[in-house]
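The structure appears below as structure tokens.
Residue numbers begin at 1 in each chain, while the letters A, B, ... track the order of the sequences.
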There are 2 protein chains.
Amino acid sequence: MRPAAEQAAQSLREEILSGVIASGARLGEAELASRLRVSRTPIREALTRLAAEGLVELQPNRGARVATWSTAELRDIFELRLRLEPYAVRLAVPRLGPEQLDELHELAESMLRTGRPGRRQDLTPIVEANRRFHGLFIEAAGTAPLAAALRGVTHAAVVHQNFHDYTPEALLRSLHHHVEMVAAARAGDGDWAEAIMRAHLYNARATMIGVPRS
Amino acid sequence: MRPAAEQAAQSLREEILSGVIASGARLGEAELASRLRVSRTPIREALTRLAAEGLVELQPNRGARVATWSTAELRDIFELRLRLEPYAVRLAVPRLGPEQLDELHELAESMLRTGRPGRRQDLTPIVEANRRFHGLFIEAAGTAPLAAALRGVTHAAVVHQNFHDYTPEALLRSLHHHVEMVAAARAGDGDWAEAIMRAHLYNARATMIGVPRS
DNA sequence: TTCCGCTCGATTGCATGCAATCCTTGTCAC
DNA sequence: GTGACAAGGATTGCATGCAATCGAGCGGAA
């Protein structure tokens, strides 16, 4: 839809999610237009789309910035994610085909290899694989409304911090959760997969914002 | 944000949700522009915003239409709503102030008065009050991500059918649920409110799409 | 009669011009 | 020295022009 705008939105999304454009950075229309080789019109449309996804914030007459999230907002986001993503995994498990299971297995193993202590230099491959891993489950769940609801919410976690604040132990736990989730999926055990996803999210939340004591 | 575009989006939203523009109707840019007295640019922006909310569907080079939902999609939407809206109500109950409780009470009573059998001519006031009733709870829940996730999903139910397919019994049940929800909120009993909201949604789902037998 | 292809009107998509708004910075008064 | 204020530059918001695409309607061939 609206090819140039869609492509611009996709480019920006990638750059934001991969950290090329920092959180909170200003997004000037003219600069983006010249950089992406289109006019300001599709840029503006891309920005409104990304704003609707929650990836950028739009202020009237003051331009767009990459979204930022307070600790309170992150807490709300995790609360929502905890309600939706384990459910999505449970729906996904019986619908996963052999090739998807293989891809999930490969992703989990590669994250584990890359994330081993001692080689902690560049985490972007893990971030990317993790995004794909979670995205595969959400996509396989097969319900568009659920996917739409999860989109904004998973973006936040990706942008906010890309595993950089994980302690080595928390990171390892997280990577082993992926492996276990693949085992559960292979076994066709939706309850197991749902449970491990829930633990996975609690682990992530604890390392990102600590344990809410409310 | 982007005043003209925002205003255009709001106008269109109202017209779609109130049924002035029918589900599936075509939304030509030129026609909307002349009708709302702005140029096509803010119209286009409003359409992309509404598309992101799920209220309209955009096809490349083929314009926009008011969204429609298949039975399967409605089923998915209710599944999601069942996971989010009872939770929202539980969050909202301890945060409701006296004036909000009064407004909820007034809304519930007015719906009950209007919906009494024998005067079933025009249901739009009920639709409007119902929208406000649910919106108040969602707003009072106080978490933006949850509100955003629920927005698209509640829109669907409003647009799809505005109580017109309710049997008299189902409609009465629904209206009494509202009254009971106010009672639960007044009592400060989040569990009660959550439970009645869940029943409320099951009742709505049954009248809209029947009971899924999967 | 039916199906394929073509032309033309209508509509969308993108670029650009202009007006309005905001932010910066320099100046002046206190 | 500090604050308020005003002018200028820069940026966004909206309108409009033009090219590209779509689809309806017509004509011709099998």
Side-chain angles (χ1 to χ4, degrees), chain A residues 1-16 20-68 144 148 152 155 159, chain B residues 1-16 20-68 144 148 152 155 159:
Chain A
M1 148 234 156
R2 283 136 196 225
E6 179 63 26
Q7 191 170 347
Q10 187 58 27
S11 299
L12 283 175
R13 209 183 335 238
E14 303 267 348
E15 291 184 344
I16 293 173
V20 173
I21 305 181
S23 184
R26 199 156 176 299
L27 298 169
E29 296 180 0
E31 181 222 343
L32 294 175
S34 74
R35 192 154 63 78
L36 299 180
R37 307 303 183 112
V38 291
S39 87
R40 285 175 46 216
T41 305
I43 293 291
R44 289 172 60 80
E45 177 166 339
L47 288 176
T48 67
R49 288 178 66 83
L50 295 178
E53 288 180 18
L55 261 185
V56 314
E57 286 163 357
L58 247 44
Q59 297 159 303
N61 288 316
R62 298 188 46 193
R65 316 186 78 87
V66 179
T68 60
H155 282 167
V159 173
Chain B
M1 147 232 160
R2 282 131 196 233
E6 180 62 27
Q7 191 171 347
Q10 187 57 27
S11 298
L12 282 175
R13 210 183 335 242
E14 304 267 349
E15 291 185 344
I16 294 172
V20 172
I21 305 181
S23 184
R26 200 159 175 300
L27 298 169
E29 296 180 2
E31 181 222 343
L32 294 175
S34 74
R35 192 154 63 78
L36 300 180
R37 308 300 183 112
V38 291
S39 87
R40 285 175 48 216
T41 304
I43 293 292
R44 287 172 62 79
E45 178 166 339
L47 288 176
T48 68
R49 288 177 65 83
L50 295 177
E53 289 180 18
L55 261 184
V56 314
E57 285 164 355
L58 247 43
Q59 298 157 303
N61 289 314
R62 298 188 46 194
R65 317 186 76 88
V66 179
T68 59
H155 282 167
V159 172

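Put simply, S39(B) has a side-chain N or O that comes within less than 4.0 Å of OP1 or OP2 on dA15(D). Note on R44(A): a side-chain N or O is less than 4.0 Å away from OP1 or OP2 of dG13(D).
No option in Q10(B), E6(B), R44(B) other than E6(B) meets the side-chain contact (heavy atoms from CB on, under 4.5 Å) test with R49(B). Residue S11(A) is tested with V38(A), V20(A), L36(A) for a side-chain contact (heavy atoms from CB on, under 4.5 Å); the sole match is L36(A).
The distance from atom CG of L47(B) to atom C1' of dT11(C) is 13 Å, rounded to the nearest whole Å. Rounded to whole Å, the distance from CG on L32(B) to P on dA15(D) is 14 Å. Summarising the geometry, the separation between CD on E29(A) and P on dC18(C) is reported as 18 Å, rounded to the nearest angstrom. For the pair I43(A) CD1 and dT12(D) C1', the computed distance is 14 Å after rounding to whole Å. In this structure, R26(B) places its CZ atom 13 Å from C1' of dA24(D), rounding to the nearest Å. One interatomic measurement links the two molecules: CD of Q7(B) to P of dG13(D), which rounds to 15 Å at whole-angstrom precision. Atom CZ in R40(B) sits about 14 Å away from atom C1' in dT16(C), given to the nearest Å. One can place CD of E45(A) at 9 Å from C1' of dG13(C), the figure rounded to the nearest angstrom.
Atoms CD and CG, from E45(B) and L58(A) in turn, are 7.5 Å apart once rounded to the nearest 0.5 Å.
More than 12 heavy atoms of other residues, nucleotides or ligands sit less than 6.0 Å from atom CD of E14(A).
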Which pairs, protein N/O on one side and nucleotides 20-23 of chain C N/O on the other, fall under 3.5 Å?
unit_1: dC23(C); atom_1: OP1; unit_2: R62(A); atom_2: NE; d: 2.7

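At least one side-chain heavy atom of Q59(A) sits less than 4.5 Å from a side-chain heavy atom of R65(A).
With hydrogens and angles disregarded, no donor-acceptor distance shorter than 3.5 Å links the side chain of R40(A) to the backbone of A30(A).
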